[in-house]
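Encoded as structure tokens, the structure appears first; notes follow it.
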Amino acid sequence: MTRRWRARTAGLLLFTALAGCTSTVEGSASPASSAAPPPTTSAPPTSEPAEPSIEVTPPPTRGVGLLLEAHRIASVTALVQTSFPDRTESCFPSGPSTSAAALESVYFTPGSAADVLERYGFVTAWGQCNRTADGAFGTLTLAMEMSDPEAAVLAAEELVEAQAIDGFQPVDVDVDGGALLLQDGDRATVQAFVPVGRMVAYVWHESLAAAAGDDVTRVLGDQVTLLQGFTPTPQADVPSLPTDPDGLQGMTLDPPGEFNDFSGPYDFEGYLRVAIDPVRERELLGSNGFTGFYAKQSDEGDRLYAVAVYRFGSTEQTNAVYDGFAQLEATAFGGTPFVLPAIPEAPCFVFDSGGGVFYQRCYVGFRTFLASVDVGGLTAPDDYARMNELLPAQRDLIAD
């Protein structure tokens, strides 16, 4: 069965707020699109949840720490575009999932994953999603943190068994772990689960049948390599993870409305998991002294707001990224430049997201700081009222 991929709107960094920042909202849905249905539709037979056969370390209490740990996991979740450069379009689901139920609701058939994850001490997770430009094929990568290495092994085994529904059949893969295959003519879909220490790597991959084996081995190899260098935070220490390691939270404007699920601090690799174009932005930011990043996003009715602050090593590097982003917005990201009355010199762009809806993005910089402000859900491309308020306020924060 083919997953119906939902693209995220190009040109908008879709951070849902970590808000520990501020407040926590269950789930990992991007506000720019509704949730795609799970990959299969037939629930497995129901039964009483089994008791774990091992002693499991209880997960941390729910709170901001789980989202901060998910941000750490983002840095080691395989970028689909690295494994498959033709899968250039971002899609849903992606981002953090801090409960087993929320994760199951967007990645798996109802009743096929949450009980297993809870039984083996699920902590938190991060996922990536990319598809081909024509929408024909998509790939998901998901890294899930469990109680301990033994729990991760058992969880992977039981998840494979639970997903053997709706035509998926177990197959061998050239890495440790288990996989399932669904073939329909010359198309194939593979699901695979691989334990790596306390982590379980999951991949959902669609391709031509002739390439499926090599493809899934490639992406799993990339994912396993990343996870082998990752040390999960001990469960007892998760609630005390730093909410503002780079000192940028207070310099990032609080946008109107209610915070969503994944703003907060990101290191460089984590930032690339929420970047519009990780390939170009790796080069631009990596060559200009990137030293920190903080983002906030909120919803207010039909409006969407995103605010982000970057820090670089020098004023010259900030200016280089300022100019580089302006060029990317006008070319690779397809924005139309406009002049903002409040700050006429600011690089500002408007994007048509379809259906008579538009969003705007503007940049301001000061010394080693660069900030972007997004206003989405507009019904007219030249509705500058809210941007006229927000961009000067953000400029003042980084200029103080």
task = Starting from the C-alpha separation in whole Å, work towards a yes-or-no answer on salt bridge (charged side-chain N to carboxylate O under 4.0 Å, His left out) for Glu69 and Arg72.
result = CA-CA 5 Å; Glu69 180 71 353; Arg72 297 188 65 239; 3.2 Å; yes
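- Hydrophobic clustering places Val160 together with Phe122 (ILVMFWY residues linked when any side-chain heavy atoms are closer than 4.5 Å, directly or through intermediates).
- Between the side chain of Gln223 and the backbone N or O of Val76 there is at least one donor-acceptor pair closer than 3.5 Å.
- The aromatic rings of Tyr310 and Tyr271 stand perpendicular to each other, their planes meeting at an angle above 60°, with 30° marking the opposite boundary.
- Defined by atom type and a distance below 3.5 Å, a donor-acceptor pair is missing between the side-chain atoms of Thr124 and Glu145.
- The pair Arg361-Asp374 counts as a salt bridge, with a side-chain nitrogen and a carboxylate oxygen less than 4.0 angstrom apart.
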task = Please lay out, stage by stage, how Glu89 and Thr132 fare under the test side-chain contact (heavy atoms from CB on, under 4.5 Å).
result = CA-CA 6 Å; Glu89 304 301 308; Thr132 54; over 6 Å; no
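- Counting only N and O atoms by type, the side chains of Arg273 and Thr77 include no donor and acceptor under 3.5 Å apart.
- The number of heavy-atom neighbours closer than 6.0 Å to CD of Glu300, taken from other residues, nucleotides and ligands shown, is above 12.
- By the 30° and 60° cut-offs, the orientation of the rings of Tyr363 relative to Phe325 is parallel.
- Cluster membership for Val219 and Val279, using ILVMFWY side-chain heavy atoms within less than 4.5 angstrom, is not shared.
- The backbone N or O of Ala113 lies less than 3.5 Å from a partner atom in the side chain of Glu104, making a donor-acceptor pair.
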Worked check of side-chain contact (heavy atoms from CB on, under 4.5 Å) between Phe137 and Leu208 = CA-CA 9 Å; Phe137 298 108; Leu208 294 174; 4.0 Å; yes
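- Note on Met251: it clusters hydrophobically with Val307, by side-chain heavy-atom contacts below 4.5 Å among ILVMFWY residues.
- Just one of Val106, Ile73, Leu103 meets the side chain to side chain contact (heavy atoms under 4.5 Å, CB included) condition when paired with Leu142; it is Leu103.
- Pairing each heavy atom of Thr57 with each of Ser147, the nearest pair is N-OG, 2.8 Å.
- In this structure, CG on Asp215 lies 9.5 Å from OG on Ser83, to the nearest 0.5 angstrom.
- Taken together through direct or relayed side-chain contacts under 4.5 Å among Ile, Leu, Val, Met, Phe, Trp and Tyr, Val357 and Phe338 form parts of separate hydrophobic clusters.
- Using a distance-only test at 3.5 Å, with no hydrogens or angles considered, no donor-acceptor pair links the side chain of Thr291 to the main chain of Gly313.
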task = List the steps, then state whether side-chain contact (heavy atoms from CB on, under 4.5 Å) holds for Asp400 with Ile398.
result = CA-CA 6 Å; Asp400 284 345; Ile398 62 173; over 6 Å; no
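- Side chain of Gln317 to backbone of Ser314: a donor-acceptor contact under 3.5 angstrom is found.
- The aromatic rings of Trp126 and His71 lie perpendicular to each other, with more than 60° between the two planes, well past the 30° mark.
- Comment: Glu206 does not engage Arg87 in a salt bridge, judged by the lack of any side-chain N to carboxylate O separation of less than 4.0 angstrom.
- Rounded to the nearest 0.5 Å, atoms CG (Asp166) and OG1 (Thr189) are 11.5 Å apart.
- Remark: of the listed residues Met144, Arg198, Met146, Arg198 is the sole one forming a side chain to side chain contact (heavy atoms under 4.5 Å, CB included) with Val123.
- By the 4.0 Å N-to-carboxylate-O rule, Glu389 lies close enough to Arg386 to be salt-bridged with it.
- Between Ala152 and Val200, the shortest heavy-atom contact is O-CG2, 3.4 Å.
- A salt bridge is defined here as a Lys NZ or Arg NE, NH1 or NH2 lying under 4.0 Å from an Asp or Glu carboxylate O, and Asp184 with Arg187 fails to meet this definition.
- Within a 6.0 Å radius of CG in Asp302, no more than 12 heavy atoms belonging to other residues, nucleotides or ligands are found.
- For the pair Phe259 and Lys296, the tightest heavy-atom approach, listed with the atom from each and the gap, is CE2-CB, 3.5 Å.
- In this structure, Phe369 has no ring pair (Phe, Tyr, Trp, His ring centres under 6.0 Å) partners at least two apart in sequence or on a different chain.
- For Phe268 and Phe293, the ring centers are positioned 6.0 Å apart or more.
- The closest donor-acceptor contact from the side chain of Asn388 to the backbone of Ala342 lies under 3.5 Å.
- Ser75 and Gly270 make their closest contact through OG-N, 3.2 Å (heavy atoms, listed as atom of the first residue, atom of the second, distance).
- By the criterion of side-chain heavy atoms lying less than 4.5 angstrom apart, applied directly or through intervening Ile, Leu, Val, Met, Phe, Trp or Tyr residues, Val116 is grouped together with Val56 in one hydrophobic cluster.
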key: Stepwise salt bridge (charged side-chain N to carboxylate O under 4.0 Å, His left out) check, Arg303 with Asp383   = CA-CA 12 Å; Arg303 292 285 179 92; Asp383 178 0; 3.3 Å; yes
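- The ring of His205 has its center closer than 6.0 angstrom to the ring center of Phe84.
- Legend: residues meeting ring pair (Phe, Tyr, Trp, His ring centres under 6.0 Å) with Phe366, ordered by chain and number and at least two apart, are absent.
- Taking the ring centroids of Phe108 and Tyr202, they lie under the 6.0 Å cut-off.
- Looking only at side-chain heavy atoms (C-beta outward), Val373 and Tyr305 stay at 4.5 Å or farther from each other.
- Considering all non-hydrogen atoms of both residues, Leu253 and Leu390 come closest at CD2-O, 3.6 Å.
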task = Apply side-chain contact (heavy atoms from CB on, under 4.5 Å) to Val321 and Leu285, showing your working.
result = CA-CA 7 Å; Val321 177; Leu285 275 63; 4.1 Å; yes
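- Considering every non-hydrogen atom in both Tyr266 and Asp246, the closest pair reads O-OD2, 4.3 Å.
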